[in-house]
Structure formats: C-alpha cells, structure tokens
Number of protein chains: 2
Amino acid sequence: MSTVTRSTDDVRSEGPDGPIRVAQVEIRPQEGLAVVAGRVVSLSVREFELLSALATRSGHVVAREELFSTVWGGPLRRGDRSIDVYVHKLRQKLEAASPGWRFIHTHIGFGYRFAPEPAA
Amino acid sequence: MSTVTRSTDDVRSEGPDGPIRVAQVEIRPQEGLAVVAGRVVSLSVREFELLSALATRSGHVVAREELFSTVWGGPLRRGDRSIDVYVHKLRQKLEAASPGWRFIHTHIGFGYRFAPEPAA
DNA sequence: CATCGCGTTCACAGGTGGTTCACGGTCACG
DNA sequence: CGTGACCGTGAACCACCTGTGAACGCGATG
C-alpha cells in the first residue's frame with residue numbers, strides 16, 4: 001500500500017452556495033455538476049452530494065458515519081455498502097475526466113479523503 | 001558525537017480532540033491520520049493509537065505495560081510482541097515520510113520514547 | 001406497457017490489518 | 001564461553017473491509 005502521499009492544501013472553497021474549487025476540480029452547487037480538468041462531469045443527486053461532502057473537507061479524512069449522515073441522513077447501518085458504491089462511481093467519473101489523477105483516497109477503518117493527487 | 005537529547009519543549013499538544021503537534025509531526029485524532037514533514041501518512045487503527053499514545057507523552061519514556069493497556073486494553077501478557085511489531089511499522093512509515101529522522105527510541109527494559117531527532 | 005435513469009442491494013474477489021511465529025542479534029551475567 | 005532476557009524484523013495465518021460488476025425495484029417518461 002502507498003504509505004506516504006503529499007498533502008494538498010491548495011483548497012479554495014468558496015461561500016456556501018458558491019463553487020467549491022480544489023485543484024482542477026470545480027463543483028457548482030446550483031447546477032449540480034462538476035468541472036474537472038476543463039471537462040463537464042454530470043452527476044446524479046447522490047453522486048453530487050457525496051462529492052460535495054468530501055470536497056468541502058478536502059485534505060481531511062471524513063468518516064463513513066459522517067458521510068452517510070450528511071448525504072443520506074440518518075445513522076449508517078452495519079453492512080450498508082451505499083457509500084462504497086458511490087465512491088466507486090465518483091472515482092470512475094473523476095478519473096475518466098482527468099486521467100492519471102486520484103481524487104478519493106481510502107482510509108480503512110476511518111473513511112475517505114478527497115485530495116487530487118497524481119497517480120503514483 | 002554526544003548523545004544530544006533535546007528536551008522536547010517544542011511540544012504543542014492541543015486540546016483533547018485537537019491535533020497533537022510535535023516538531024514536524026501532526027496527529028489528527030478525529031481523522032486517524034498523521035502529517036509528517038508535510039506528507040500525509042496513512043495509518044491503521046492500531047498504528048494510529050500507538051502513535052497517539054507515544055506522542056501525547058512526547059519526550060518521556062512510556063512503559064510497555066502502559067502502552068499496551070492504553071492501546072490494546074488489558075494487561076500485557078508475557079511474551080506478547082504486538083508492541084514491538086507496531087513500533088516497527090510506525091518507524092517505517094514515519095522515517096519514510098521524513099528521511100534522516102528518528103522518532104521512536106527504545107529504552108530496553110522500560111519502553112519507548114517519542115522524540116523527533118535527526119539520525120546520528 | 002416498454003424503456004430509462006437512478007438508488008439500493010447482492011455476491012464474489014481481492015486487499016488490508018491484527019496477531020502470532022520464527023529466527024537472529026545484542027547485551028548482561030555468571 | 002553458555003545462557004537467558006529483550007528487542008528487531010520478516011513472514012504466515014485468518015478475519016474483516018473494501019472494490020466492483022451485476023441484479024433488482026421503482027418512479028418518471030414516452
């Protein structure tokens with residue numbers, strides 16, 4: 001496993017409803033879409049909310065519990081794989097738009113961390 | 001050279017759940033990760049807890065008994081090598097993130113001491 | 001209806017982490 | 001020297017967590 005990665009603190013989150021910008025990723029809340037590396041990435045509601053939840057805390061590990069309660073509302077039931085599935089969908093779309101980059105990092109036992117980094 | 005052991009007064013531990021900071025090491029309790037020399041070091045649960053236990057008493061020798069009861073809970077059974085194994089894992093990760101530095105020092109018969117020092 | 005997009009759930013595979021072994025090295029002591 | 005206590009370190013073993021493709025259900029749409 002990759003043990004060490006560079007931290008990305010180049011976060012420039014804007015106001016509540018303003019666009020969130022992290023590196024080559026721009027999230028537009030009002031339009032429900034994201035622009036990655038200049039390409040428009042269309043997202044479903046769930047995908048969008050999950051990405052927002054992660055990106056607003058860019059560089060920090062967000063617990064699965066917290067992600068679930070934020071995006072789905074309510075406590076995370078044991079065995080619920082929704083988060084995993086949507087993280088997977090997001091990764092596909094993001095990496096398709098910006099090949100050679102990794103955006104969502106797994107921290108086993110804790111949660112996920114959003115941070116655009118070049119693939120090893 | 002002489003065994004220069006700087007008294008670690010450069011410790012700036014924050015509040016209970018705030019980040020623990022010692023020299024180039026920052027530990028974020030809520031996220032289960034550490035940032036060393038600006039690099040994100042991903043840690044497993046055990047690794048993280050052990051590092052926390054050591055870092056919160058930075059500069060002091062922490063007894064094996066105490067480490068075990070803190071991290072694993074319960075008394076240290078004679079012959080249990082878990083601590084050794086995890087100290088080894090931590091050293092690998094920390095020193096990979098900050099080459100030329102030593103962080104965890106062995107005090108044979110007593111325990112371990114956390115203190116970032118340049119490698120001899 | 002037939003189709004489609006989306007969210008959820010399922011099933012399987014692969015990866016990761018925690019524990020324990022095994023072997024070797026160092027050091028103190030008789 | 002032997003011996004034993006203690007530690008460093010690589011590896012084996014197994015449970016658990018996560019990745020991932022696919023099936024299912026359902027409301028919206030034509």
Side-chain angles (χ1 to χ4, degrees), chain A residues 1-5 32-34 41-54 61-65 67-96 102-114 119-120, chain B residues 32-34 41-54 61-96 102-114 119-120:
Chain A
M1 67 171 287
S2 76
T3 303
V4 178
T5 39
L33 63 77
V41 177
S42 78
L43 302 169
S44 75
V45 177
R46 284 272 191 266
E47 289 167 353
F48 180 81
E49 288 178 351
L50 179 56
L51 178 57
S52 298
L54 284 167
V61 176
V62 186
R64 294 172 69 92
E65 303 285 347
L67 282 176
F68 194 85
S69 69
T70 300
V71 176
W72 280 263
L76 174 57
R77 295 166 307 174
R78 165 185 161 77
D80 193 311
R81 306 295 309 284
S82 300
I83 292 182
D84 303 75
V85 174
Y86 273 86
V87 165
H88 180 232
K89 290 179 179 179
L90 275 180
R91 287 210 257 234
Q92 279 188 153
K93 292 191 175 182
L94 294 177
E95 290 168 20
R102 295 293 169 74
F103 298 87
I104 303 175
H105 308 271
T106 305
H107 288 252
I108 296 185
F110 292 97
Y112 294 94
R113 175 175 54 95
F114 182 84
Chain B
L33 68 72
V41 178
S42 84
L43 301 169
S44 74
V45 178
R46 284 271 190 266
E47 289 167 352
F48 181 80
E49 289 176 351
L50 179 57
L51 178 57
S52 298
L54 284 167
V61 176
V62 186
R64 294 172 68 91
E65 301 286 346
E66 184 178 339
L67 282 176
F68 193 86
S69 69
T70 300
V71 176
W72 279 264
L76 173 57
R77 295 166 307 175
R78 165 184 163 77
D80 193 312
R81 307 296 310 284
S82 299
I83 292 182
D84 304 75
V85 173
Y86 274 87
V87 165
H88 179 234
K89 290 180 179 180
L90 275 180
R91 281 195 234 212
Q92 280 188 149
K93 292 191 175 183
L94 295 178
E95 290 168 20
R102 296 294 170 75
F103 297 87
I104 303 175
H105 309 271
T106 305
H107 289 251
I108 296 185
F110 294 95
Y112 296 94
R113 174 176 54 93
F114 182 84

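Labels below follow one simple rule: chain letters A, B, ... track the order of the sequence lines, proteins then strands, and each chain is numbered from 1.
At the phosphate of dT19(C), OP1 or OP2 sits under 4.0 Å from a side-chain N or O atom of W72(B). Look at S44(B) and you'll find a side-chain N or O under 4.0 angstrom from OP1 or OP2 of dG18(C). Residue R64(B) has a polar side-chain atom (N or O) positioned under 4.0 Å from OP1 or OP2 of dC7(D). At dG19(D), none of the side-chain N or O atoms of Q92(A) fall inside 4.0 Å of OP1 or OP2 (strictly under the cut-off). Residue H88(B) places no side-chain N or O under 4.0 Å from the OP1 or OP2 atom of dG8(D).
Within the 3.5 Å criterion, the main-chain N or O of S44(A) finds a donor-acceptor partner in the side chain of E47(A). Between the side chain of K93(A) and the backbone N or O of V41(A), no donor-acceptor pair lies under 3.5 Å.
Rounded to an integer number of Å, the gap from D84(A) CG to dC17(D) P is 11 Å. Nucleotide dG8(D) holds its C1' atom 14 Å from the NZ atom of K89(B), rounded to whole Å. When rounded to the nearest whole Å, the span between CD of E47(B) and C1' of dG18(C) equals 10 Å. When rounded to the nearest whole Å, the span between CZ of F110(A) and P of dT16(C) equals 16 Å. Across the protein-nucleic acid pair, F48(B) atom CZ and dT16(C) atom C1' stand 18 Å apart, rounded to whole Å. If you measure from atom NZ of K93(A) to atom P of dG5(C), you get 11 Å, rounded to the nearest angstrom. Taking atom CG of L43(A) as the reference point, atom P of dG5(C) lies 16 Å away to the nearest angstrom. Atom CZ in R46(A) sits roughly 14 Å away from atom C1' in dG5(C) (whole-Å rounding).
Of the N and O atoms on the side chains of R91(B) and T106(B), at least one donor lies less than 3.5 Å from an acceptor on the other residue.
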*asked:* As a quick check of understanding, evaluate side chain to side chain contact (heavy atoms under 4.5 Å, CB included) for V45(A) and E49(A), giving each step before the final call.
replied: CA-CA 6 Å; V45(A) 177; E49(A) 288 178 351; 3.8 Å; yes
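Among the heavy atoms of the strands lying under 4.0 Å from V45(B) are primed sugar atoms or P, OP1, OP2 only; no base atom is included. Across all strands shown, Y112(B) has heavy atoms under 4.0 Å from sugar-phosphate atoms exclusively, and none from any base. Using a 4.0 Å heavy-atom cutoff across all strands shown, R81(A) reaches at least one base atom of the nucleic acid. Within 4.0 Å (heavy atoms only), E49(B) reaches no atom of the nucleic acid at all. Counting any heavy atom pair closer than 4.0 Å across all strands shown, R78(A) reaches no nucleic acid atom.
Judged by closest nucleotide on DNA chain D, G109(B) is the one of G109(B) and T106(A) placed further toward the 5' end.
Here the OG atom belonging to S82(A) is positioned 12.0 Å from the CG atom belonging to L67(A), to the nearest 0.5 angstrom.
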